[in-house]
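These numbers were taken from a predicted model, which means no experiment stands behind them. The analysis underlying the following values was restricted to heavy atoms, covering all of them including side chains, and did not include hydrogens, waters or symmetry mates. Throughout, a chain's letter reflects where its sequence line sits, starting with A, and its residues are numbered from 1.
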Number of protein chains: 4
Amino acid sequence: MSPRSMSKDEKRAEILDAAIRVFARTGFHATKIEDVAREARVAKGTIYLYFDRREDILDAAFVRFADGVLTQMRAIAKAREPALSRLRSIVEAMLAGAQSGPDLARLVFDFWAARRIGGSGERPGTPVDFAGIYVEYRQLIGSLLEQAKDEGAVRADVPEDTPAVIVGLVEGLLLQCLVDPGALTPSRMAEPALAVILDGLAPGAPH
Amino acid sequence: MSPRSMSKDEKRAEILDAAIRVFARTGFHATKIEDVAREARVAKGTIYLYFDRREDILDAAFVRFADGVLTQMRAIAKAREPALSRLRSIVEAMLAGAQSGPDLARLVFDFWAARRIGGSGERPGTPVDFAGIYVEYRQLIGSLLEQAKDEGAVRADVPEDTPAVIVGLVEGLLLQCLVDPGALTPSRMAEPALAVILDGLAPGAPH
Amino acid sequence: MSPRSMSKDEKRAEILDAAIRVFARTGFHATKIEDVAREARVAKGTIYLYFDRREDILDAAFVRFADGVLTQMRAIAKAREPALSRLRSIVEAMLAGAQSGPDLARLVFDFWAARRIGGSGERPGTPVDFAGIYVEYRQLIGSLLEQAKDEGAVRADVPEDTPAVIVGLVEGLLLQCLVDPGALTPSRMAEPALAVILDGLAPGAPH
Amino acid sequence: MSPRSMSKDEKRAEILDAAIRVFARTGFHATKIEDVAREARVAKGTIYLYFDRREDILDAAFVRFADGVLTQMRAIAKAREPALSRLRSIVEAMLAGAQSGPDLARLVFDFWAARRIGGSGERPGTPVDFAGIYVEYRQLIGSLLEQAKDEGAVRADVPEDTPAVIVGLVEGLLLQCLVDPGALTPSRMAEPALAVILDGLAPGAPH
DNA sequence: TATGAATGAGCTTTCATTCAT
DNA sequence: AATGAATGAAAGCTCATTCAT
C-alpha cells in the first residue's frame with residue numbers, strides 16, 4: 001500500500017486523512033488510537049511516530065480542515081468580480097462545502113468539546129489558534145464589505161461587527177443542518193441566507 | 001443537608017443542578033461521576049439511584065437547559081407587543097442569556113460531541129429529541145414572522161426557511177463569542193445582529 | 001479473607017505486605033501491579049485506592065523495612081548494658097535480620113535503582129528521605145561510641161567518621177552475602193566483623 | 001565519524017563506552033536503546049549488531065567496570081612493598097576511584113536490580129559471574145593478609161572471613177557516600193576506614 | 001554493515017458501575 | 001435510600017526488537 005519512498009510528511013498526512021475519516025464517522029471522543037491505526041493500515045505504535053498524543057491528531061485534523069476552508073475563501077475573495085458578488089460566492093461555497101461533507105463539519109464540534117474551546121478549563125499541549133482562524137474569517141468578510149461599500153453596493157452605515165454576524169450566520173446555519181438533516185440541507189439554505197444578509201445590506205430599497 | 005422529606009424528583013433535580021454546574025465548569029467529557037457526586041454532596045453510588053448511566057445526566061442536563069430557553073422564548077412570544085418587537089426581544093434575550101452564563105452555552109457542544117448529533121454513528125440509550133427542540137425554536141420564530149407579515153412590519157416575500165436563518169444567526173454568533181471572548185461579547189452583538197436581520201426584512205428602504 | 005471491618009490503614013498495610021512479598025520474590029522492576037493485586041487477593045484497581053502510583057508502593061515498602069530496622073536498633077541501644085556490648089548486639093542483630101529475610105534486603109537495591117539514589121537524575125513524587133535514614137543509623141552508632149568512650153571501653157581517638165565505617169561495614173557485608181550466598185552467610189560473618197570492628201577500637205592490646 | 005577500518009570488537013567497545021556513560025547518567029532502567037544509540041552516534045538498529053538484548057549491554061558494562069577495578073587491584077597487589085602497605089593502597093584506590101566517578105558506582109546497583117542478584121527469581125540470558133568477581137576481590141585481599149601475617153604485620157589469629165569483611169567495609173562505605181554525598185565523600189573516608197581495619201589487625205597495642 | 005520506520009505485546013492507570021452493608 | 005470500597009474492562013502510550021532497504 002504505502003510505498004516505502006513516502007516522505008515523513010506524506011506519511012503523516014496519510015495518517016491524518018485516515019484519522020479524519022474515522023473521526024467523522026465515529027466522533028473523536030469515541031475513536032481509539034487503534035481505530036485510527038486500522039484505518040491507516042498501520043500498527044498502533046506507528047501513530048505515535050507521527051503524533052505525540054492522541055489529542056494532537058484532532059488538532060492537526062482541525063487545522064487541516066480550517067486551512068482548506070480558508071484557502072477556498074481566499075481564492076474566491078481574490079476573484080475579479082464585484083465585492084458583493086464575491087461575498088455571495090463565499091457564503092454559497094461554505095454552505096456547499098458542508099453539503100458535500102457533513103461529517104467533516106461535525107469534527108469542529110468534537111474539536112470544541114475536546115479542546116474545551118470557550119470553557120474555563122485549560123488543556124495541556126500546544127494550543128491551536130482557534131480564535132485566530134475566526135479572526136481571519138471575519139477579516140476576509142470585513143475586507144469584502146469595505147470594498148462593497150466603496151463600490152456603493154452596500155450601505156455606508158453597516159455596523160462594525162457585521163462580519164461576525166455573517167460568519168456566525170453561516171456557521172449557525174450549518175449547525176441547524178447538522179442537527180436536523182431531514183428538514184434542512186445546506187444547499188437549500190443559501191438563498192434565504194443571502195436574502196437576509198444582502199437585502200439587509202442593500203443601500204436603497206431591497207431587491 | 002437534604003431534608004428527609006425531599007421527593008425522588010426533587011432529589012433528582014438537585015443532583016442535576018449540581019451536574020450542570022460541574023459540566024459547565026469542567027466540560028462533560030472531563031467530568032467524573034465522582035465530581036458530580038461531590039458537587040451534589042452525595043456519595044457516588046447515590047447518583048445511580050437517580051440516573052441509570054452517566055450519559056443520561058448529560059441528556060437530562062441538556063433538556064433542562066433547552067427547556068429554560070424555550071420557556072423564556074415562549075413567554076416573550078406571548079407578550080402584548082408588535083410581533084417584530086417580540087422578535088427583537090427574543091434575539092436580545094438569547095444573546096443576553098449567553099452573556100450571563102457562557103459556560104452553560106458550552107454544554108451544548110459537549111452534548112453534541114457526546115451524543116454525536118449530526119454524525120453517522122448511532123448511540124445507545126433513549127435519545128433526546130435534539131432536532132425537535134430546534135424545530136420548536138424555528139416554529140416560534142416562524143410564527144412571529146407570520147404575525148409580523150400580517151402586521152405589515154415585514155416584507156411579504158420572506159423566504160420560507162428564514163426562521164432557520166435567524167436561529168442559526170443567533171447560535172452562530174454565540175459560537176463566535178465563545179471562541180473569541182476577547183474580541184466579541186454577546187451583548188455587543190445584539191445591535192449588529194438585529195441590523196442585519198431586521199433591515200433585511202424591512203418592506204421599504206431600511207431604517 | 002479480609003474482613004469488611006478492616007480500616008483503611010489496615011487494608012493499606014495488607015496490600016503493602018503483599019507487595020513486599022512479591023517485590024522480594026520477583027524484584028520491583030519485574031513486578032507488575034497485577035502481581036501485587038493477585039498476591040493481595042484484590043483487583044488491580046483496588047491497589048490504586050491505596051497508592052497513587054506504582055512507585056509509591058516501593059517507597060512505602062522501603063520505609064516500612066527501614067523503620068523496622070531502626071526500631072530494632074533503637075530498642076537495643078536503650079538496653080541496660082555496657083555501650084560496647086550494645087554496639088555488638090546491634091551488629092549481630094542486623095546481620096541476623098538479613099539472615100532471616102535475605103529477599104527483603106534485596107528490596108533495598110531495587111529501591112536504590114528505581115529511585116536513582118545517588119544518581120544525578122531526579123525522580124518525580126514525594127521523595128523518601130533515604131539519606132535521613134542513614135543519618136539516624138550513624139547517629140545511633142555514634143552515640144553508642146561516645147558512651148563507650150566515656151566508659152573507657154574504646155580508644156579516645158576514634159575518628160569522627162567511624163560510625164559511617166561501621167554502618168558501611170555491616171551493609172557491605174550483607175551485600176557480599178547476598179551476592180554469594182553459597183560462600184557467605186550473615187550469621188557466620190558476625191564474629192569476624194566484630195573482630196575487625198571491636199579490636200580496632202580497643203584501647204590497649206586487642207583481645 | 002567511526003572509521004571504516006574499525007574492527008567489530010572496537011566498535012562494540014565504543015558502543016559499550018557510550019552505554020556506560022548513559023547508564024551512569026540516567027540509570028539503566030531509565031535508559032532506552034535509543035539513548036545509547038544517540039550517545040554512540042549510531043542508529044538504533046546498529047546496537048543490535050553488537051548486542052543481542054538490551055540487558056546484555058548492562059552485563060557487558062558491568063564486566064568492563066569490574067575488570068577495571070580488578071586490574072587496578074591486581075597491579076597494586078603486585079607492587080614491591082610490604083603487604084600491609086599494599087592493602088592500604090588498595091583500600092585507598094577503591095575509595096578514590098569512586099570519588100572520581102560516583103555515577104559509575106551506581107551502575108552496580110542497577111546491575112543488581114536488573115539482574116536480580118541475590119534474589120530468588122531467575123533471569124534469562126548468559127549470566128555474568130557476579131559472585132566470581134567478588135571471590136577474586138576477596139582472594140586478592142586474603143592473599144595480602146596471608147603475606148602480611150608472614151611479615152608479622154598482622155595478628156596471627158585473623159579470622160578466615162576477614163577478607164569479606166574488608167571488601168564489604170569498602171563497598172558499604174561507598175554506598176553510604178552515594179546515599180548521602182553531602183555528608184560523606186569517599187576520599188575523606190579512607191583514613192577512618194583504615195583506622196578501623198588496620199588497628200583492628202595490629203598485633204600489639206594499636207598505633 | 002548500517003539504518004530507522006514499523007511493529008505490537010504489554011504495561012500503568014482510570015473510572016463507570018455494582019453491591020454488600 | 002444511601003454509602004463508598006471494590007471491581008475489571010478498556011485505552012493510551014512505550015519501547016525492545018525486527019527487517020526491508
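Going from atom NE2 of B:His29 over to atom P of E:dT14 covers 14 Å, rounded to whole Å. Remark: P of E:dG10 and OH of A:Tyr48 are 18 Å apart, rounded to the nearest angstrom. Protein atom CZ of D:Arg38 is 12 Å distant from nucleotide atom P of E:dG4, rounded to whole Å. Taking atom CD1 of A:Ile47 as the reference point, atom P of F:dC15 lies 18 Å away to the nearest angstrom. Between C:Glu55 atom CD and E:dT12 atom C1' the separation is 12 Å, expressed in whole Å. Between C:Tyr50 atom OH and F:dG4 atom P there is a gap of 13 Å when expressed in whole angstrom units. Atom CZ in C:Arg41 sits about 18 Å away from atom C1' in F:dG8, given to the nearest Å. Atom pair A:Asp9:CG and E:dA5:P shows a separation of 12 Å (rounding to whole Å applied).
Residues B:Glu14 and B:Glu10 fail the side-chain proximity criterion, which asks for heavy atoms closer than 4.5 Å. Inter-residue side-chain proximity for B:Phe111 and B:Leu58 is flagged as met; some heavy-atom pair is nearer than 4.5 Å. By the 4.5 Å heavy-atom criterion applied to side chains, C:Arg64 and C:Asp17 are counted as neighbours. Counting heavy atoms from C-beta on, the side chains of D:Phe65 and D:Ile20 never come closer than 4.5 Å. Side-chain contact check for C:Ile57 versus C:Ile33: some heavy-atom pair is nearer than 4.5 Å.
When each of A:Thr46 and B:Glu34 is assigned the nucleotide of DNA chain E bearing its nearest heavy atom, the one mapping closer to the 5' terminus is A:Thr46. Where C:Lys8 and A:Asp52 meet DNA chain F, the nucleotide closest to each residue was compared, and C:Lys8 sits on the side nearer the 5' end.
Considering B:Val42, B:Leu16, B:Leu49 as possible partners of B:Lys11, the one that fulfils the side chain to side chain contact (heavy atoms under 4.5 Å, CB included) test is B:Val42.
Taking the six-membered ring for Trp and thresholds of 30 and 60 degrees, D:Phe130 and D:Phe62 have nearly parallel ring planes, at less than 30 degrees apart.
A donor-acceptor distance shorter than 3.5 angstrom exists from the side chain of C:Arg54 to the backbone of C:Thr31, with no hydrogens or angles considered.
Consecutive Watson-Crick or G-U pairing (both distances under 3.5 Å) extending over three or more pairs maps onto DNA chain F as E:2-21 with F:2-21.
Side chain of D:Ala43, nearest nucleotide from E:dG4, F:dA2, E:dA6: E:dG4. Distance from the side chain of A:Arg53 is smallest for F:dC13 among the nucleotides F:dA6, F:dC13, E:dT14. Comparing F:dA1, E:dA2, E:dT17 by their closest approach to the side chain of D:Leu49 singles out E:dA2.
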Show me the protein contacts with nucleotides 9-11 of chain F, counting only N or O atoms at under 3.5 Å.
unit_1 : atom_1 : unit_2  : atom_2 : d
F:dA10 : N6     : C:Lys44 : NZ     : 3.4

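At a threshold of 4.0 Å, the pair A:Asp35-A:Lys32 does not count as salt-bridged, since none of the basic side-chain nitrogens sits closer than that to a carboxylate oxygen.
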